[in-house]
Protein chains: 2
Amino acid sequence: MFLQFCIVKESKQRPGDPVGSALDIVGDKWSLMIIWNMIMHGKHTYNELLKSNEGIATNILASRLAKLEAAGLLTKETHPDSKAKILYRLTHKGIDLLPALVELMLWAHAYLPIHSAGDAYTKLLKQNKEAFVKRIVEDLKNK
Amino acid sequence: MFLQFCIVKESKQRPGDPVGSALDIVGDKWSLMIIWNMIMHGKHTYNELLKSNEGIATNILASRLAKLEAAGLLTKETHPDSKAKILYRLTHKGIDLLPALVELMLWAHAYLPIHSAGDAYTKLLKQNKEAFVKRIVEDLKNK
DNA sequence: AAAAACAACTTGCAAATAACAAGTTAATAT
DNA sequence: ATATTAACTTGTTATTTGCAAGTTGTTTTT
């Protein structure tokens with residue numbers, strides 16, 4: 001059996017464990033939600049993120065943004081429209097979490113009671129996952 | 001631009017947001033680690049999981065196992081070897097998180113300092129992700 | 001030009017959650 | 001019969017989160 005080959009006996013785990021290391025950065029309730037909303041809903045400012053991540057506290061959002069910036073997943077820039085605003089932009093490192101997020105989304109669609117399964121981009125995604133992800137990632141990186 | 005088409009303005013978020021709903025279940029530090037260790041390291045009992053998830057507290061492991069069972073991601077069975085043991089087994093719902101976990105792993109390999117990138121199954125995975133995931137999922141489900 | 005409003009936070013505190021150490025119960029091994 | 005293993009549970013303490021309110025700098029309104 002294939003799995004037998006894969007099972008690593010007595011591995012020492014983190015560090016050295018990629019999934020554990022990834023979860024050290026985004027293994028909480030809000031980090032992935034923030035990144036998801038930045039990618040798929042085009043949110044780029046503090047107040048936009050506050051509204052789109054329903055239920056997040058202001059201090060938590062601030063601390064998550066700082067943590068994600070420190071981890072190199074996003075950057076803070078002055079907003080072109082106004083000096084009062086700050087524009088949060090994902091780095092390539094942040095954008096490249098999209099494949100994982102898309103898989104999470106598909107899992108949710110398969111197993112969780114989701115109402116809004118019928119929108120256009122969900123259909124596109126299910127038709128051709130690879131192409132969908134590639135296209136969005138490229139769009140975001142070419143900016 | 002493609003993204004423009006995808007951005008949903010003024011969405012009401014959770015519930016109705018698949019990623020948010022998924023993170024309500026596995027959006028913490030330990031749940032995905034537990035599932036990952038069950039799938040890729042063949043851990044199936046409380047003590048095995050305690051050792052493989054380095055640093056998890058006993059009460060947290062117990063509560064996560066209960067939560068994941070309640071959410072239908074795994075089941076508790078009496079272990080064939082001994083009545084003293086309990087065998088935790090992933091359901092299809094749990095197994096199907098593997099694609100998301102694999103994407104997280106690949107992301108970590110791309111951006112995080114991981115030592116053990118050279119093992120055989122990591123190479124196989126990078127060569128053919130789809131086939132790799134499919135094979136493991138099928139192995140696990142045919143039990 | 002002054003006042004109100006907005007944007008991005010910070011601060012203080014109560015409540016919830018997690019980590020740590022120790023103890024409990026049932027089953028097996030010696 | 002005794003010791004050990006397995007799977008927890010139960011305090012207790014430390015950390016994190018959630019909530020309300022306040023702060024600072026920048027625009028917008030009057």
Side-chain angles (χ1 to χ4, degrees), chain A residues 9-10 13-15 20 23-35 37-38 41-71 73-90, chain B residues 9-10 13-15 20 23-35 37-38 41-71 73-90:
Chain A
K9 337 81 169 75
E10 286 309 311
Q13 297 303 120
R14 201 146 65 283
L23 293 175
D24 282 336
I25 299 173
V26 294
D28 66 287
K29 178 69 182 296
W30 293 112
S31 294
L32 287 177
M33 274 296 289
I34 291 168
I35 292 166
N37 278 310
M38 289 181 78
H41 298 98
K43 309 294 180 181
H44 291 288
T45 65
Y46 184 89
N47 276 328
E48 283 173 0
L49 290 167
L50 201 60
K51 283 172 205 151
S52 67
N53 293 278
E54 201 185 352
I56 195 172
T58 59
N59 53 346
I60 301 300
L61 175 57
S63 82
R64 286 298 174 279
L65 289 172
K67 186 182 173 188
L68 293 174
E69 189 195 7
L73 305 207
L74 54 80
T75 56
K76 290 171 76 164
E77 298 170 23
T78 58
H79 199 288
D81 291 359
S82 152
K83 263 195 292 185
K85 290 185 182 178
I86 288 176
L87 186 135
Y88 291 96
R89 198 207 299 279
L90 288 171
Chain B
K9 338 84 171 76
E10 285 309 309
Q13 298 302 118
R14 201 146 63 284
L23 292 175
D24 283 336
I25 299 173
V26 295
D28 66 287
K29 178 69 181 296
W30 294 113
S31 295
L32 287 176
M33 274 296 289
I34 291 167
I35 292 166
N37 279 309
M38 290 181 77
H41 298 98
K43 310 294 180 181
H44 291 288
T45 66
Y46 184 89
N47 275 327
E48 283 173 358
L49 290 168
L50 202 57
K51 282 172 207 151
S52 68
N53 292 279
E54 201 186 350
I56 194 172
T58 59
N59 53 348
I60 301 301
L61 176 57
S63 84
R64 286 300 174 278
L65 289 171
K67 187 182 172 187
L68 293 174
E69 189 194 7
L73 305 208
L74 52 81
T75 57
K76 290 170 77 164
E77 298 172 20
T78 58
H79 199 287
D81 292 358
S82 153
K83 264 196 290 186
K85 290 185 182 178
I86 288 177
L87 186 133
Y88 291 95
R89 198 207 299 278
L90 288 171

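Sequence lines set the chain letters: A, B, ... in the order given, protein chains first and strands last, and positions in each chain run from 1. The structure presented is a predicted model; accordingly, all values stated were derived computationally and were not measured.
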Checklist entry - Whole-Å distance between dC8(D) P and E48(B) CD? => result 13 Å
Next on the checklist: On the nucleotide dT10(C), are OP1 or OP2 found under 4.0 Å from the side-chain N or O atoms that N59(A) carries?
Outcome noted: no
Next on the checklist: Between W30(B) and dT17(C), is there a contact of a side-chain N or O with OP1 or OP2 at under 4.0 Å?
Outcome noted: no
Checklist entry - Would you say K51(B) reaches dA7(D)'s phosphate, i.e. side-chain N/O to OP1/OP2 under 4.0 Å? => result no
Checklist outcome for this item: Checking dA8(C), dT9(D), dA27(C) against the side chain of K83(B) (C-beta onward), the nearest is dA27(C)
Checklist entry - If you look at every strand shown and take non-hydrogen atoms under 4.0 Å, does T58(A) touch a base, only sugar-phosphate, or nothing? => result base
Next on the checklist: If we ignore hydrogens and angles and just use 3.5 Å, is the side chain of H79(B) paired with the main-chain N or O of D81(B) as donor and acceptor?
Outcome noted: yes
Checklist outcome for this item: Winner on side-chain proximity to A84(A), out of dT9(D), dC9(C), dT26(D), is dT26(D)
Checklist outcome for this item: Comparing nearest nucleotides in DNA chain D, the 5'-proximal residue of the pair S82(A), H79(B) is H79(B)
Item to check | K29(A) side-chain N/O to dG18(D) phosphate OP1/OP2 under 4.0 Å | outcome: no
Checklist entry - Rounded to whole angstroms, how far apart are CD1 on I34(B) and P on dA7(D)? => result 14 Å
Checklist entry - Could you walk me through whether K43(A) and S52(A) pass the side-chain contact (heavy atoms from CB on, under 4.5 Å) check? => result CA-CA 8 Å; K43(A) 309 294 180 181; S52(A) 67; 3.7 Å; yes
Checklist entry - Counting distance only, does the side-chain N/O of T75(B) pair as donor-acceptor with the main-chain N or O of R89(B) below 3.5 Å? => result yes
Item to check | Spacing of N53(B) atom CG relative to dA19(C) atom P, expressed in whole Å | outcome: 12 Å
Checklist outcome for this item: Among the nucleotides dC20(C), dA18(C), dC8(D), whichever has the atom closest to the side chain of A62(B) is dC8(D)
Checklist entry - With a 4.5 Å heavy-atom cut-off, do Y46(B) and L65(B) have their side chains touching? => result yes
Item to check | Euclidean distance, atom NZ of residue K76(B) to atom P of dA6(D) [Å, nearest integer] | outcome: 16 Å
Item to check | Nearest-Å distance for atom pair CG/C1', residues N47(B) and dA27(C) | outcome: 13 Å
Checklist entry - Is there side-chain contact between K29(A) and D24(B), with at least one heavy-atom pair below 4.5 Å? => result yes
Checklist entry - Can you check the L50(A) CG to dC19(D) P distance for me, whole Å? => result 12 Å
Checklist entry - Rounded to the Å, how far apart are R64(A) CZ and dG18(D) C1'? => result 12 Å
Next on the checklist: Applying a 4.0 Å non-hydrogen cut-off, can you work out what S63(B) is touching in the nucleic acid: base, sugar-phosphate, or nothing?
Outcome noted: nothing
Checklist entry - Nearest-Å distance, CG (L61(A)) to P (dT17(D))? => result 13 Å
